[in-house]
Amino acid sequence: MWLGVAVALCMATGLISHFIQHPQPWFWWPTRPVWLYRFTQGLHVISGIAAIPLLVVKLWSVWPKLFARPVIGGVTRQLERLSILVLVGSMIFQLSTGLLNIAQWYVFGFFFPPAHYAMAWVAVGAIIVHVGVKLPVIRRALGEPVDSADVTGGGVVGPSRRNVLVGAAAATAVATIATAGQTVPWLKRVSVLAPRSGDGPQGLPVNRTALAAGVVRSARSPEYRLTVVGPSGSRSFTLAELQAMPQSTHELPIACVEGWSASAQWTGIVLADLISAVGGSPESDVRMISLEPPGPYSRTTLPARHARDSATLIALRLNGGELDLDHGYPCRLIAPTRPGVLQTKWLTRIEVVGA
Ligand code: HEM
Ligand SMILES: Nc1nc2c(c(=O)[nH]1)N[C@H]1C(S)=C(S)[C@@H](COP(=O)(O)O)O[C@H]1N2
Ligand SMILES: [Mo]
């Protein structure tokens with residue numbers, strides 16, 4: 001049951017993350033509370049990690065049945081065994097690729113998000129079929145007291161049901177607490193297995209450094225300009241000109257798709273002010289383009305609802321100091337409730353879409 005709850009949380013939060021990154025006309029994602037994506041994606045990775053010991057215990061508890069004879073049998077039996085194969089295979093795939101991804105150990109040779117997304121539907125479909133087929137067994141088992149020795153009526157072998165449940169709960173708690181600190185600040189000190197400690201310049205982790213992105217020279221160049229393009233034309237700003245504009249400060253989290261997150265104080269120009277300076281309307285989407293050479297992270301389109309929000313900044317400062325080169329100097333996007341991967345660093349061009 002708890003494995004089912006964990007997978008349901010994974011699917012719901014995973015779909016949210018998917019549709020923020022692949023917007024559909026019917027999908028609505030708010031700008032408040034500012035920590036909403038931090039919460040949903042943190043929950044994704046936390047419930048995903050909790051699912052790992054739960055799946056191990058589940059597999060252990062049915063292990064002999066997976067190899068029961070006859071291996072082939074009639075058509076019904078073949079179908080049932082095939083569905084179990086799909087179920088177990090897709091679950092192991094989801095949990096292992098997810099874990100490897102947050103550990104940034106890209107041993108698999110495919111691009112993670114589309115594979116993990118497709119297999120999510122397979123896994124969830126297989127679970128629904130499986131629960132449907134097993135409903136009578138599930139009902140019966142849930143109706144029994146925990147201490148009843150054996151559901152199938154055979155002899156008692158191995159640990160008691162209660163001990164298995166307590167052991168599973170303890171393993172799940174340890175796995176969760178050991179990793180959740182990358183999302184939950186007060187768990188940071190006990191989260192010994194969290195892939196992200198939170199270390200980095202200005203107290204924030206860095207996914208890709210300026211060196212790795214190939215922007216060290218262009219970001220520091222005296223020729224640097226931020227170009228803003230809208231219906232009434234285009235304007236280019238030097239860093240000094242940007243610094244001379246009215247500034248706002250907001251406390252906003254960076255919430256990476258990989259689950260880690262950290263809150264910080266960002267200071268910069270309200271994006272909506274820049275957009276209105278080039279004649280853009282609050283109904284327009286806005287494209288952000290990085291100095292980084294074209295690639296999956298070098299540009300993003302901000303939906304109008306986020307582009308016009310007063311907390312959406314072109315940040316020049318972080319936690320009271322000038323933005324570190326690795327955090328996006330000279331300037332970067334920071335918007336509420338957006339996945340970290342869409343908070344583009346080292347901006348060079350901002351375009352009102354359709355202008
Ligand atoms: C049965 C369990 C799981 C299901 C059903 C599931 C489902 C999903 C879905 C639907 C997405 C959205 C993919 C997209 O943006 O197209 C996603 C993203 C993600 N999942 Fe899972 N997931 C599961 C387990 C896990 C686990 C165990 C982890 C890590 C410990 C994990 C880590 C991630 C990460 C890092 C992303 C973000 C990918 C990106 O946007 O780059 N998932 N998941
Ligand atoms: N141009 C560019 N912007 C980027 C990235 C990148 O690789 N290139 N990485 C993104 C990701 S995945 C995250 S989580 C955040 C991290 O921001 P930080 O390095 O300031 O913590 O930046 C985002 N902005
Ligand atoms: Mo990220």
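Residue numbers start at 1 and run along the sequence shown. One-based numbering, in listed order, for ligands and for the atoms of each. As the structure is a prediction and not an experimental result, all values here were calculated from the model.
Between Met119, Gln41, Met91, it is Gln41 that holds the heavy atom closest to atom 37 (C) of ligand 1. With distances taken over non-hydrogen atoms, the option nearest atom 15 (C) of ligand 2 out of Gly203, Ser298, Ala210, Gly340 is Gly340. Taking only non-hydrogen atoms, the option from Ile46, Val7, Ile49 nearest to atom 30 (C) of ligand 1 is Ile49.
With respect to atom 28 (C) of ligand 1, the closest heavy atom belonging to the protein is Gly98 CA, 3.4 Å. Shortest contact from atom 8 (N) of ligand 2 to any protein heavy atom: Glu292 OE1, 2.6 Å. The protein heavy atom nearest to atom 13 (C) of ligand 1 is Tyr117 CB, 3.8 Å. Regarding atom 19 (O) of ligand 2, its nearest protein heavy-atom neighbour is Lys345 NZ, 2.6 Å. Among all non-hydrogen protein atoms, the one lying nearest atom 38 (C) of ligand 1 is Phe112 CE2, 3.5 Å. Closest to atom 24 (N) of ligand 2, if we only count protein heavy atoms, is Gln343 O, 2.9 Å.
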Going through the checks in order, is the side chain to side chain donor-acceptor pair (under 3.5 Å) test met by Thr31 and Thr337?
-> CA-CA 6 Å; Thr31 64; Thr337 68; 5.8 Å; no
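Residues Thr183 and Ser261 bring no donor and acceptor atom of their side chains to less than 3.5 Å of each other. Side chains of Gln182 and Ser191: a donor-acceptor N/O pair is absent below 3.5 angstrom, by distance only.
Salt bridge Lys134/Glu80: present, at least one basic N to carboxylate O contact under 4.0 Å.
Contact annotation: the side chain of Leu316 approaches that of Cys331 to within less than 4.5 Å [non-hydrogen atoms, C-beta and beyond]. Looking only at side-chain heavy atoms (C-beta outward), Asp324 and Leu204 stay at 4.5 Å or farther from each other. The side-chain heavy atoms of His130 and Ile84, taken from C-beta on, include a pair separated by under 4.5 Å.
Numbered from 1 in the order shown, with element, the atoms of ligand 2 that lie under 4.0 Å from a heavy atom of Thr344 read 1 (N), 3 (N), 24 (N). Set against the non-hydrogen atoms of Gln21, the atoms of ligand 1 under 4.0 Å away are 40 (O). Remark: ligand 1 atoms within the under-4.0 Å shell around heavy atoms of Asn101 are 35 (C). Close approach of ligand 1 to Leu99 (heavy-atom distance below 4.0 Å) involves ligand atoms 29 (C), 30 (C). Listed by atom number, the atoms of ligand 1 under 4.0 Å from Ala120 heavy atoms are 5 (C), 7 (C), 10 (C). For ligand 2 and Trp346, the ligand atoms under 4.0 Å from any heavy atom of the residue are 1 (N), 2 (C), 8 (N). Set against the non-hydrogen atoms of Asn207, the atoms of ligand 2 under 4.0 Å away are 12 (S), 14 (S), 19 (O). Listed by number with element, the atoms of ligand 2 under 4.0 Å from a non-hydrogen atom of Tyr297 are 1 (N), 2 (C), 3 (N), 6 (C), 7 (O), 8 (N). Taking a cut-off of under 4.0 Å to the non-hydrogen atoms of Gly14, the atoms of ligand 1 that pass are 8 (C), 9 (C), 10 (C), 11 (C), 12 (C), 17 (C). Each of the following atoms of ligand 2 lies closer than 4.0 Å to a heavy atom of Cys256: 14 (S). Residue-ligand proximity, Glu258 to ligand 1, at heavy-atom distances under 4.0 Å covers atoms 35 (C). Which parts of ligand 2 touch Ser290 is read off a 4.0 Å heavy-atom cut-off, strictly below it: atoms 1 (N). Using a 4.0 Å cut-off to heavy atoms of Cys10, the atoms of ligand 1 that qualify are 2 (C), 3 (C), 4 (C), 7 (C), 23 (C), 24 (C).
The proximity of Val257 to ligand 1, defined as any non-hydrogen pair under 4.0 Å, involves the side chain as well as the backbone. Residue contacts with ligand 2 for His327 involve both N, CA, C or O and side-chain atoms from C-beta outward (heavy atoms, distance under 4.0 Å). Heavy atoms of Arg208 found under 4.0 angstrom from ligand 2 belong exclusively to the side chain.
Within 6.0 Å of the CZ atom in Arg235, the count of heavy atoms belonging to other residues, nucleotides or ligands does not exceed 12. The neighbour count for Arg32 CZ, taken as heavy atoms of other residues, nucleotides or ligands under 6.0 Å away, is above 12. For Leu135, the CG atom sits in a packed shell: over 12 heavy atoms of surrounding residues, nucleotides or ligands are nearer than 6.0 Å. Atom OH of Tyr117 is surrounded by more than 12 heavy atoms from other residues, nucleotides or ligands within 6.0 Å.
Taking 4.0 Å as the cut-off, Ala123 does not count as a neighbour of ligand 1 on heavy-atom distance. Remark: distances from the non-hydrogen atoms of Pro205 to ligand 2 include one below 4.0 Å. Put simply, part of Arg332 is less than 4.0 Å from ligand 2, judged by heavy atoms.
A donor-acceptor contact shorter than 3.5 Å is absent between the side chain of Ser17 and the backbone of Thr13.
For ligand 1, the polar-atom distance check against His22 finds no nitrogen or oxygen pair separated by under 3.5 Å. For His18, a nitrogen or oxygen atom sits less than 3.5 Å from a nitrogen or oxygen atom of ligand 1, counting backbone and side chain alike.
Ring geometry, Phe39 versus Trp35: the interplanar angle exceeds 60°, so the pair is classed perpendicular (tilted spans 30 to 60°). Note: Phe27 and Trp29 have parallel aromatic rings, judged against thresholds of 30 and 60 degrees for the angle between ring planes.
Met245 and Ile350 fall within a single hydrophobic cluster, where Ile, Leu, Val, Met, Phe, Trp and Tyr side chains are chained together by heavy-atom contacts under 4.5 Å. Residues Val86 and Val7 fall into different hydrophobic clusters, defined by Ile, Leu, Val, Met, Phe, Trp and Tyr side chains chained together at heavy-atom separations under 4.5 Å.
In this structure, His327 NE2 and Ile254 CD1 are separated by 8.5 Å, a value rounded to the nearest 0.5 Å.
Within His116, the N/O/S atom positioned nearest atom 21 (Fe) of ligand 1 carries the name NE2.
Using a cut-off of 2.8 Å, one finds that His44 contributes an N/O/S atom close to atom 21 (Fe) of ligand 1.
None of Phe110, Phe108, Phe112 except one satisfies the ring-ring contact (aromatic ring centres under 6.0 Å, His included) rule with Phe93; the exception is Phe110.
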